[in-house]
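Scroll down for the structure; my scribbles are underneath it.
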Amino acid sequence: MATLLTDVNSVLGIEIGSVQTRAVLFDVVEETYQFLASGSAPTTCGEPIFDVMPGVIAAIRDLQEITGRFFLDLNNKLIIPSHGGVEGADRLLITLSWGPDLDVVTFGLLNELSLETANRLARTLPLNVADSFGINDRRSTQTQIDALLAAKPRILIFAGGSDRGATRTVGRIANKIASSLHLFNAEDRPKVLFCGNQGMARRVKEILEKETTYASTNNIRPEIENEDLTQASFDLNQLVIDEKMNSITGLERLASFSNEKPQLTGIGFQRVIRFLGKQYDPMRKVLGIDLGSAHVTAAYANHHDSQQISLPIGTGYGLESALQQTRFADLEKWLPEALSESQVMDYLWQKTIFPNSLPVSETDLQIELALARHLLCITMRELELHADLVSRSFEPVLVGGSILTHAATPWQMLTTLLDGIQPLGITPLVIDKHGILSLLGAAAKTNPLLPVQVLESTAFINLATVISIESKAKQGTVIIKARLQSAAGKVRELNIKQGELASLPLAFGETGVLMLKPETKVNISDIEVGKDPIKVRGGVCGLVFDTRGRPLVLPKDQVHRLATLNRWSKPANQ
């Protein structure tokens, strides 16, 4: 393995977030890539500095303090490549989530086919679809042109026609777009990404490249019944990054030290989830959710399929948008104590002004965890509505976000994920405690060993393996008996009751064999209960049984609801 790693051992990752800029170091330890440390500093892309570099330099200095290793010379210039492995790093990776969402418009043929697919492509990245235009648009031509000019898009996504399908209509739309571009000032014309009938790619290029920057990618709907957004999403990322490079001072200077263009943070996140989807059970899906400050990014994948979305809601800069579509009741139902609407909403609106603030009391933390549950619920609904998610059976679930990792206990993180995601079957829950998944995705294309080896390390927290058991039995009735034998031979048994969260100890990194004996009719998604032993892996919360039902229903009466939430705030003791 060592011979494979001689060219690139140390990798410095820079993540430029909407609140924080982080410098992350990966290096080879005993012939295996490891996450070593990270430093952070406030992002300086916006006011009052308007230059990315001071924040980057401050984050790297923080990393230098932690590691005792220098990545900057006396002139604050990055040392890349490294000097004999003692100073600097062999490679630089950059991911970016800072900045307002770019406005885009979409063009397609039929609204329910290519146009809807174009809009789904736009939703894979932090973009704002300002308007959409299809052949069955009932607006007059002049009204459509006025709408296009008013939208002032930076990118135009043009889809339509299956491969070997429509050609004349695609050509007509291309000419219509070209005519409309004439009405923009030259410097204001949007870049165009064509993702339609590949038989028309050359002709569309001839029509449009005279007017603006033109790029082509694969057909996102090559056949009427098939959709493929993966490559198109990556190519769209390139256009967005080009826009960001032109608008963020210092980003091009930073990127000159890297062999690769910066990537949007969400693209790196989606790439690593797709990679993991090919490693696990082909019948189940890997789910990843990143609860970011400005956006929530979610992706799922298995051997055959992958989908992703980016939602313009978040825990900091995206919190205002989230609150505008949130009722107090959406948050109140998750609060384990009686709080007034003004107390909760005042705290959250204050956080929109100070997005980097941390909870200073248990009450503040409970408000933030209620928000996290609500954002997870929104995300799962959006995955089902717009990304064709048909089952909540996952292996594993990976979640990141400072709202979870900064102050919550492992059991609080666990219950937040279970309440918001409500997975089925047997689900390992994993926390990206260092926020490095997107950087691993950015590394995957040129250095696939790095994400493989870091993902297998202790850089991630295995919270628990959760077994969701469904039954119609009466609350408090024993519905199943569990017998767990650890790899060390220790045996533990547990009577599991309806309507509770219960756990058996199984340490982080430890494996075991679980036997389940039903006492009544029960269902666990994807397995035949009681037939064969189940191999399970432990976590910091052990092996957890969730018998609360799906979908999760809370008592409407406040007294009973608070009592129920209090009961779930710790595992049931038998």
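Heads up: numbering here begins at 1 and tracks the sequence.
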Anything under 3.5 Å between a donor and an acceptor, one on a side chain of residues 287-299, the other on a protein residue two or more places apart or in another chain? List them.
from, atom 1, to, atom 2, distance (Å)
Ser293, OG, Tyr317, N, 3.1
His295, NE2, Asp101, OD1, 2.6
His295, NE2, Asp101, OD2, 3.2

Between Thr409 (side chain only) and Gln412 (backbone N and O only), is there a donor and an acceptor less than 3.5 Å apart?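 Flag set: sc Thr409 to bb Gln412 pair under 3.5 Å.
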
Where the side chain of Asn302 meets the backbone of Gly277, is there a donor-acceptor pair that is under 3.5 Å apart?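 No, Asn302 side chain to Gly277 backbone: no donor-acceptor pair under 3.5 Å.
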
Under a 4.0 Å N-O cut-off, is there an ion pair linking [X] with [Y]?
X      : Y      : value
Lys261 : Asp242 : yes
Arg69  : Glu87  : no
Lys191 : Glu243 : yes
Glu395 : Lys285 : no

Which atom pair, heavy atoms only, marks the closest approach of [X] to [Y]?
X      : Y      : value
Ser258 : Glu260 : OG-O, 2.9 Å
Ile367 : Leu335 : CA-CD2, 3.9 Å
Gly13  : Leu439 : CA-CD2, 4.0 Å

Is there side-chain contact between Leu450 and Val8, with at least one heavy-atom pair below 4.5 Å?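 Contact flag for Leu450/Val8 side chains = no.
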
Can you confirm whether Glu187 is buried at CD, in the sense that more than 12 heavy atoms of other residues, nucleotides or ligands lie under 6.0 Å from that atom?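 Enclosed.
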
Apply salt bridge (Lys or Arg N to Asp or Glu O under 4.0 Å) to Glu332 and Arg327, showing your working. CA-CA 9 Å; Glu332 183 185 30; Arg327 303 166 303 157; over 6 Å; no

Under the criterion side-chain contact (heavy atoms from CB on, under 4.5 Å), which of Leu437, Val430, Ile436 is the partner of Leu455?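 Testing Leu455 for a side-chain contact (heavy atoms from CB on, under 4.5 Å) against Leu437, Val430, Ile436 leaves exactly one candidate, Leu437.
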
Per the side chain to side chain donor-acceptor pair (under 3.5 Å) rule, what does the pair list look like for residues 416-430, sequence neighbours excluded?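 Found Arg373-Thr416, Arg373-Asp419, Asp419-Arg548.
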
